[in-house]
Amino acid sequence: MSDTTNATPAAAPDGAARDWTPDELMTVNAARALHGSRTCFVGIGLPSAAANLARRTSQPDLVLIYESGTLGSKPTRLPLSIGDGELADTADAVVSVPEIFNYWLQAGRIDVGFLGAAQVDRYANINTTVIDRGPDRPEGRLPGAGGAPEIAASCGKVLMVLRHSRRNFVERLDFVTTVGHGSGPGDRARLGLLGQGPVAVITDLGVLRPDPETAELVLTEIHPGVTVEQVTEATGWKLRVAGSVGVTEPPTQAELAALRALKSGGEPRA
Amino acid sequence: MSDTTNATPAAAPDGAARDWTPDELMTVNAARALHGSRTCFVGIGLPSAAANLARRTSQPDLVLIYESGTLGSKPTRLPLSIGDGELADTADAVVSVPEIFNYWLQAGRIDVGFLGAAQVDRYANINTTVIDRGPDRPEGRLPGAGGAPEIAASCGKVLMVLRHSRRNFVERLDFVTTVGHGSGPGDRARLGLLGQGPVAVITDLGVLRPDPETAELVLTEIHPGVTVEQVTEATGWKLRVAGSVGVTEPPTQAELAALRALKSGGEPRA
Amino acid sequence: MAEIRSLRDAVAGLIHDGDTVAMEGFTHLIPFAAAHEIIRQGITDLTLVRMTPDVIYDQLIGMGAARRLVFSWGGNPGVGSLHRFRDAVENGWPRPLELDEHSHAGMANRYVAGASRLPFAVLRGYRGSDLPKRSSTISTVTCPFTGEELAAVAAVNPDVTVIHAQRADRAGNVQLWGLVGVQKEAALAADRVLVTVEEIVDELEPMPDAVVLPSWTVSAVAHVPNGAHPSYAAGYTVRDNEFYQAWDPISRDRETFLAWMREHVLEAS
Amino acid sequence: MAEIRSLRDAVAGLIHDGDTVAMEGFTHLIPFAAAHEIIRQGITDLTLVRMTPDVIYDQLIGMGAARRLVFSWGGNPGVGSLHRFRDAVENGWPRPLELDEHSHAGMANRYVAGASRLPFAVLRGYRGSDLPKRSSTISTVTCPFTGEELAAVAAVNPDVTVIHAQRADRAGNVQLWGLVGVQKEAALAADRVLVTVEEIVDELEPMPDAVVLPSWTVSAVAHVPNGAHPSYAAGYTVRDNEFYQAWDPISRDRETFLAWMREHVLEAS
């Protein structure tokens with residue numbers, strides 16, 4: 001997926017001059033969401049940036065696990081791909097790909113799974129397979145499932161991080177690649193999914209969290225300078241908004257410095 | 001199992017003085033039976049002695065595979081147990097025990113499996129589990145299956161090596177631990193067993209081989225100085241005898257020297 | 001026992017039109033040079049199997065070598081789409097491409113079943129996903145002890161598996177290390193195995209986290225230094241991240257792609 | 001995260017009467033010292049799990065610690081019978097011993113299922129054997145793709161797995177190498193994991209064929225040099241083959257056995 005980046009300070013939603021970009025705030029916020037987690041199954045791109053940032057700031061003991069087979073990687077720069085040699089060189093252990101999926105992920109040992117998505121619906125279900133482009137055109141092809149269905153099924157909880165747009169946040173998925181909360185409360189248990197599923201969808205505009213009663217995503221937090229209307233506008237379904245919507249703490253200087261140092265080795269894209 | 005050994009030259013069945021023992025001939029003959037095989041799954045004790053002897057004489061490229069997880073072990077002395085460090089130190093690769101059984105044995109990659117037994121019947125089925133000691137006594141306990149059921153199922157063919165006595169060669173097994181030829185021709189195919197099963201039972205008196213038509217073990221070879229009557233006498237069922245019974249070639253000086261050199265590191269027992 | 005052969009001879013001898021071919025390497029040790037040789041020899045109608053099709057399969061697909069793809073994630077890692085893969089799936093160019101699509105966990109277990117010579121593998125997977133609706137190689141089994149229903153995936157047993165490794169000895173024993181991916185399983189699942197290596201050595205010094213494939217599990221070894229480029233071989237080469245980024249514009253356009261392949265693959269050797 | 005504790009504290013904290021305990025090590029790295037501590041603490045009613053019960057379980061069984069044994073081969077490797085095991089099974093001395101008996105392939109796969117947190121594993125095994133008649137943890141499943149019937153074995157998930165390893169670092173990461181057996185699977189299948197080690201080091205130098213268990217998968221590490229004797233730890237100690245042979249006469253007779261255990265285990269520490 002080649003997302004358009006939202007990476008210039010000047011492009012901040014309210015036009016105010018800030019020394020951080022919405023993308024940076026999204027990543028910083030995603031890193032903060034790892035607070036209290038011990039182990040994280042990391043997808044490449046935004047999740048990798050956030051997980052590495054967490055390890056560089058508040059969570060030095062966070063164990064990063066990549067589907068390429070590394071347990072406890074400690075890269076000094078952001079890897080472009082999950083196959084970067086540094087992930088293996090700095091790991092506590094390197095295991096085979098079948099082992100990482102069977103003994104480590106499936107076994108429910110990982111606290112947090114970190115996922116991106118092409119399309120997400122109100123129950124945080126994910127499509128990364130195909131896009132319906134209308135009756136006269138062939139389906140648009142996305143990369144496919146990768147590790148996502150089993151990451152979302154087996155991790156203790158799931159964080160999602162993706163940019164906010166009506167193209168990404170849709171009324172109805174064209175294809176369910178990965179189940180978040182299915183069609184609502186109780187669905188995960190009925191399907192036999194182990195973990196609690198998505199607990200936050202962190203975007204460049206704010207944060208959505210599932211309502212504990214209905215499992216539907218609710219806007220609970222907006223980023224500084226963003227309005228609730230901007231978020232509902234960028235969402236393809238009638239987005240529910242929490243009674244009291246918080247405002248994200250801006251990145252601290254320490255967070256920004258750590259993130260930029262990590263990225264100086266090369267900007268990872270989705 | 002602690003078999004009584006038949007290890008003194010003076011104890012040769014016909015009382016003739018020879019410079020080799022029936023046990024040595026059994027081992028040498030078992031080693032010869034590996035001719036043309038590339039890979040051998042080795043049990044400890046007599047099979048290990050035979051397989052190592054083959055590697056030291058006519059089959060220098062024979063790949064020895066031990067259930068402890070070693071592929072291509074080249075021990076310089078006979079290991080007492082399948083866990084001897086030298087098996088790992090001299091191996092081409094060391095893998096986990098699940099891997100040796102799933103990827104290597106079960107996959108049908110091994111040409112020959114080499115088994116001992118406590119009891120064997122006319123179809124070369126094996127009992128290593130329990131012995132019926134009569135109605136008033138509890139079952140006698142044997143070590144159990146170990147790798148045998150799947151070795152006999154999955155190797156291209158199976159060689160058995162054990163000492164000949166009515167206690168070992170029985171009319172009816174007290175327990176079927178491991179299937180040789182089941183209840184006769186076609187049984188292996190019906191059970192879905194991959195390899196051709198036992199092709200020879202090599203003892204200290206001679207060699208039994210399954211009749212191609214009936215799958216029943218037939219005496220095809222006796223060792224020098226042994227009579228057909230001695231073998232039928234030592235067999236717990238009415239043993240069929242081939243139309244023409246061969247006589248085993250005695251061990252060559254080279255074979256004997258190699259065997260004794262191997263054993264000088266310690267006599268392995270069952 | 002592995003024969004040491006030239007890449008050209010090994011590919012010609014082991015890979016035929018219509019074969020099912022797995023070329024593995026999870027971002028590391030990807031056998032690009034062997035793929036280029038397949039393209040040069042015009043081998044076609046292949047069923048290509050690979051967890052992460054990647055630029056290597058974008059090239060094979062774009063050159064029309066494949067009629068079917070078995071996979072779990074088809075992107076240019078860290079960069080974006082595989083344009084030739086998309087063009088084949090969406091527009092049938094240069095020919096239609098059938099898909100059998102899995103998750104990584106499913107594909108990894110298909111190889112495990114293949115290496116174990118079992119007809120299927122069991123996993124806790126695909127629950128609630130639409131993937132099983134589009135694949136005939138995903139089903140379910142019920143645990144005979146607990147009654148739980150679990151996913152079953154059919155074994156993959158390629159005609160040929162092709163991998164790249166750091167080194168082999170003269171007897172054809174192969175050693176690879178670093179991110180070892182699913183290569184052992186892919187090799188042991190196949191009828192024939194071709195390994196390209198950075199180096200042929202007298203003796204394989206043991207290495208941490210190494211996988212060894214004994215010579216008797218390998219059909220042929222070909223000495224192809226840098227044979228994973230733009231992927232890499234830990235200890236020998238580094239990943240050419242710039243190439244992966246450059247591939248995006250090269251592969252976007254059919255003509256640019258064909259011109260690049262002509263210059264860098266067909267007319268090279 | 002693993003705590004570094006004394007063996008006495010670790011055993012007292014992690015192992016309780018009635019637990020299911022796996023002590024693994026396939027002839028190499030057998031955790032004898034931990035078994036002796038279990039005996040000294042009088043922990044009892046255990047379900048003991050182990051592929052090759054061996055002298056270590058002969059001692060636990062003879063001292064009455066076990067009510068049930070789950071295993072696949074119970075002998076003194078290279079020597080002969082396990083006399084205490086036989087006496088318990090045949091004569092109920094010092095107490096009856098229930099058995100759940102498998103083949104090695106079955107037991108190995110039970111641990112694999114346990115480590116994978118699947119309820120069962122599939123293998124091509126037990127065909128035609130009488131073993132399934134005596135076990136409730138062996139059944140069959142049918143392949144949904146081919147219709148073939150295969151063996152299914154129930155997962156083993158011990159309350160505690162105990163292993164011996166060459167070393168750990170101060171954070172409790174554990175490293176073992178050589179014949180690695182089924183220890184990784186046994187550890188990952190368990191709720192709690194106790195590892196005795198030859199040495200505690202500042203940093204774990206990577207080793208060929210090594211298994212690393214990260215600290216967060218281990219409950220406690222205890223520093224017990226020579227803790228595998230009479231088994232061994234490759235690179236640190238050698239197997240005491242003479243002890244295995246001496247065990248045969250010691251264990252043949254109940255009184256001789258008890259006297260030996262009193263002198264060498266109960267009154268030692």
Side-chain angles (χ1 to χ4, degrees), chain B residues 1-2 44-45 67-70 79-85 87-89 93-102 105-106 125 127-130 133 137-151 153-154 173 175-179 182 187-188 191-194 266 268-270, chain D residues 25-28 30 51-53 71-75 77-82 85-86 89-92 101-109 111-112 123-131 134 148-150 177-185 208-209 211 231-232 234 238-239 241 244-245 248:
Chain B
M1 298 158 278
S2 51
I44 209 63
E67 66 193 10
S68 46
T70 65
L80 178 69
S81 102
I82 52 166
D84 273 30
L87 295 177
D89 296 344
V94 179
V95 302
S96 74
V97 165
E99 181 179 323
I100 206 86
F101 281 100
N102 289 344
L105 178 63
Q106 175 178 263
N125 302 302
N127 173 23
T128 51
T129 302
V130 286
R133 295 188 296 189
R137 296 189 60 201
E139 288 180 333
R141 185 62 232 189
L142 299 170
E150 288 77 20
I151 292 172
S154 301
L173 296 182
F175 184 99
V176 178
T177 310
T178 299
V179 174
D187 244 34
R188 287 188 64 87
L191 289 166
L193 302 174
L194 297 182
R269 286 180 266 167
Chain D
F26 206 80
T27 78
H28 175 219
I30 302 176
M51 292 182 67
T52 55
F71 77 112
S72 43
W73 191 82
V79 179
S81 290
L82 292 178
F85 158 65
R86 289 186 56 176
V89 174
E90 296 176 2
N91 310 309
E101 187 165 359
H102 280 259
S103 69
H104 279 347
M107 276 299 291
N109 278 293
Y111 280 123
V112 168
L123 70 156
R124 228 182 263 285
Y126 298 108
R127 284 171 167 169
S129 171
D130 287 338
L131 285 165
R134 295 201 180 189
E148 187 183 3
E149 190 177 87
L150 294 137
W177 66 86
L179 296 170
V180 295
V182 73
Q183 281 98 306
K184 178 186 273 189
E185 288 76 13
D209 296 322
V211 162
S231 174
Y232 71 109
V238 294
R239 192 171 190 271
N241 285 338
Y244 279 92
Q245 287 166 327
D248 191 73

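Residue numbers begin at 1 in each chain, while the letters A, B, ... track the order of the sequences.
Here B/Arg141 is the residue among B/Arg141, B/Glu139, B/Glu150 with the most heavy-atom pairs under 4.5 Å with chain D. Of the listed residues (D/Pro53, D/Ala105, D/Ala108, D/Ser231), the greatest number of heavy-atom pairs within a distance under 4.5 Å of chain B belongs to D/Ala105. The most heavy-atom pairs under 4.5 Å with chain D, out of B/Ser96, B/Gly69, B/Gly182, come from B/Ser96. The candidate from B/Val130, B/Asn102, B/Thr178 with the greatest count of non-hydrogen atom pairs under 4.5 Å with chain D is B/Asn102. Among D/Val180, D/Thr52, D/Asn109, D/Asp130, the residue making the largest number of heavy-atom pairs under 4.5 Å with chain B is D/Asp130. When each of B/Pro98, B/Gly147, B/Gly144 is scored by its heavy-atom pairs under 4.5 Å with chain D, the top score falls to B/Pro98. When each of D/Gly75, D/Gly106, D/Gly181, D/Gly25 is checked for heavy-atom pairs under 4.5 Å with chain B, D/Gly181 comes out on top.
For D/Asn241, the parts lying near chain B are the backbone and the side chain together; criterion is any non-hydrogen pair under 4.5 Å. Neither the backbone nor the side chain of B/Asp89 comes within less than 4.5 Å of any heavy atom in chain D. Interface remark: D/Val182 contributes backbone and side-chain atoms alike to the contact with chain B (heavy atom separation under 4.5 Å). For D/Tyr111, no part lies near chain B; criterion is any non-hydrogen pair under 4.5 Å. Only the side chain of D/Asn91 comes within contact range of chain B, judged by heavy atoms closer than 4.5 Å.
By the side-chain contact (heavy atoms from CB on, under 4.5 Å) test, B/Arg133 is found to be paired with B/Ile131, B/Arg137, B/Pro138, D/Arg86, D/Glu90, residues two or more places apart in sequence or in another chain being considered. Listed by chain and number, the residues in a side-chain contact (heavy atoms from CB on, under 4.5 Å) with B/Ala145 are B/Pro149, B/Thr177, D/Ser103, D/Leu131 (sequence neighbours excluded).
The distance from atom NE2 of D/His28 to atom OG of B/Ser68, rounded to the nearest 0.5 Å, is 11.0 Å. If you take CZ on D/Arg124 and CG on B/Leu194, they are separated by 5.5 Å, rounding to the nearest 0.5 Å. The distance from atom CE of D/Met51 to atom CZ of B/Phe101, rounded to the nearest 0.5 Å, is 5.5 Å. To the nearest 0.5 angstrom, D/His104 atom NE2 is 8.0 Å from B/Ile151 atom CD1. One distance of note links CD of B/Glu67 with CG of D/Leu179; it measures 11.5 Å at 0.5 Å rounding.
Residues B/Val97 and D/Gln183 have side chains not in contact (no heavy-atom distance under 4.5 Å, counting atoms from C-beta outward).
Residues D/Lys184 and B/Glu99 are not paired through a salt bridge, judged by the lack of any N-O separation under 4.0 Å between the basic side chain and the carboxylate.
The two residues D/Arg127 and B/Val179 make their nearest non-hydrogen contact at O-CG2, 3.4 Å.
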